[in-house]
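As structure tokens, the structure follows; a few thoughts come after it.
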There are 2 protein chains.
Amino acid sequence: MARTLGSYAKLTKPKISEIALHLFAERGYAAVSMRQIAAKVGLQVGALYNYFPDKQTILSELLINHMESLLQTWHRQKLPEKSDKLLEFFVDFHIEYHLNRPEEVFIAYMELRNLNPDNFKKIEKLRNKYELILSNILSDGVNKNLFTCEETKIASLAIIGMLKEVNTWYKTDGRISAPEIKNIYQQIVLKAVT
Amino acid sequence: MARTLGSYAKLTKPKISEIALHLFAERGYAAVSMRQIAAKVGLQVGALYNYFPDKQTILSELLINHMESLLQTWHRQKLPEKSDKLLEFFVDFHIEYHLNRPEEVFIAYMELRNLNPDNFKKIEKLRNKYELILSNILSDGVNKNLFTCEETKIASLAIIGMLKEVNTWYKTDGRISAPEIKNIYQQIVLKAVT
DNA sequence: GTCTATATAACGATAGAC
DNA sequence: GTCTATCGTTATATAGAC
């Protein structure tokens, strides 16, 4: 039962993505060359182009996969029955998900400027989808008199922006645990809309 | 009283620095070429090398000037007479200074990885000097039984790391004013050491 | 699918005329 | 001090042998 070459090759593309992710996070997209990626994967440069048409696509696939997996994971969550607990649940989910993927989060924030316009629009669309989840939670809450918030759109942007910071907090001060961070942000967010 | 060419030239170097700062902050050091900088300044590439020996020096001068000016400004402050107000004063000063220089702060954080080892050490030295100001305030406070803090070195690193975030907060949520941010952080920092 | 070799373009940096 | 021209290097991406 010899393994075929093909079954190894299936592992090559994810390996390229993984190594590119590390390198992009460490040195920045523009500072990383295809040769450096190939060397770390254990290939020659040319071989990379069997898996990705260009360098830009390595980056955009990383970002798109990150956002799609975020959305997918949310939609697989078993939501709390009580709708007044939905906002806390969202904050909890968001922090949990992002703390576990520091490199993806970092390049999703840093390397947006290196996407070409088409890929940028794709990411923007996915971000809007995610933001819509939160703004719907907020406007539902407003309708049920749970929250008071005039601009739910803007509030959801501000909240997600705020939550994004969580990764740096977590890194810079190891004494704050993940549950503590969740608590802090839940309080801040709840205060912001009540 | 015709202006000499020389007096214009005196303005050229700061202009290069300023434009490089904007471009580095916008696109990242590695993604910006000397040709792009020259074009925005209104020069040909070669002329840049009359002011900077290489691209690396443009970046390192920006970062070094940023740190030195931060230290200089601190040492020119009239400190509060009551030493128990020193920590609040530092937090206030730090936030004020950094909110007014978002681009410098951003590249001082982002582009460290693009400094060569020598320049990195220079910046590290300046950062340590700044950090020493805070850790001295803390250890003085501990000696006077104002604060309780076992590891003043680590605490000062954590606090500065935390304060660094302030620029993103300020941007992401325009509803929070600078004085409010100062208040929030003063409370957090004081809580952290008492 | 990976290799070597190469096309083509852009980069940082330098040289010399003015 | 700025220009044009260019060197040497490196980059992305492609072509063709295996």
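All chains are named by letter (A, B, ...) in the order of the sequence lines, taking the proteins before the strands, and each is independently numbered beginning at 1.
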Separation of atom [atom1] in [X] from atom [atom2] in [N], rounded to whole Å:
X       : N      : atom1 : atom2 : result
A:Lys55 : C:dA10 : NZ    : P     : 15 Å
B:Leu23 : C:dC11 : CG    : P     : 13 Å
A:Lys15 : C:dG1  : NZ    : C1'   : 14 Å
A:Asp54 : D:dA11 : CG    : C1'   : 14 Å
A:Ile58 : D:dA13 : CD1   : C1'   : 12 Å
A:Gln56 : D:dA13 : CD    : P     : 9 Å

Task: Those residues of residues 45-53 of chain A lying under 4.0 Å from DNA chain C by at least one heavy atom - done: A:Ala47, A:Asn50, A:Tyr51
- [ ] Please work out which residues in residues 26-38 of chain B have a non-hydrogen atom less than 4.0 Å from an atom of DNA chain C and list them by number.
- [x] B:Val32, B:Ser33, B:Met34, B:Arg35
Can you name the residues that form a side chain to side chain donor-acceptor pair (under 3.5 Å) with [X], not counting sequence neighbours?
X        : answer
A:Thr57  : A:Asp54
B:Lys144 : B:Ser83
A:Glu111 : A:Asn114

Side-chain donor-acceptor pairs of residues 13-24 of chain A under 3.5 Å, sequence neighbours excluded:
unit_1  : atom_1 : unit_2   : atom_2 : d
A:Lys13 : NZ     : A:Glu61  : OE1    : 3.4
A:Lys13 : NZ     : A:Glu61  : OE2    : 3.4
A:Lys15 : NZ     : A:Val41  : O      : 3.4
A:Ser17 : OG     : A:Lys13  : O      : 3.4
A:His22 : ND1    : A:Glu103 : OE1    : 2.6
A:His22 : ND1    : A:Glu103 : OE2    : 3.3

Task: ring-ring contact (aromatic ring centres under 6.0 Å, His included) partners of A:Phe89, counting only residues at least two apart - done: A:Trp74
Open item on the list: Is A:Gln44 close enough to C:dT2 that one of its side-chain N or O atoms is under 4.0 Å from OP1 or OP2 there?
Closed with: no
Run the side-chain donor-acceptor check on residues 183-193 of chain B: report pairs under 3.5 Å with partners two or more places apart or on a different chain.
unit_1   : atom_1 : unit_2   : atom_2 : d
B:Tyr185 : OH     : B:Trp169 : NE1    : 3.4
B:Gln186 : NE2    : B:Glu88  : O      : 3.3
B:Gln186 : NE2    : B:Asp92  : OD1    : 3.2

Task: SB check B:Glu26 A:Arg113 (cutoff 4.0 Å) - done: no
Which donor-acceptor pairs under 3.5 Å do the side chains of residues 126-135 of chain B make with protein atoms, sequence neighbours left out?
unit_1   : atom_1 : unit_2   : atom_2 : d
B:Asn128 : ND2    : B:Glu124 : O      : 3.3
B:Tyr130 : OH     : B:His94  : ND1    : 2.6
B:Ser135 : OG     : B:Leu132 : O      : 3.4

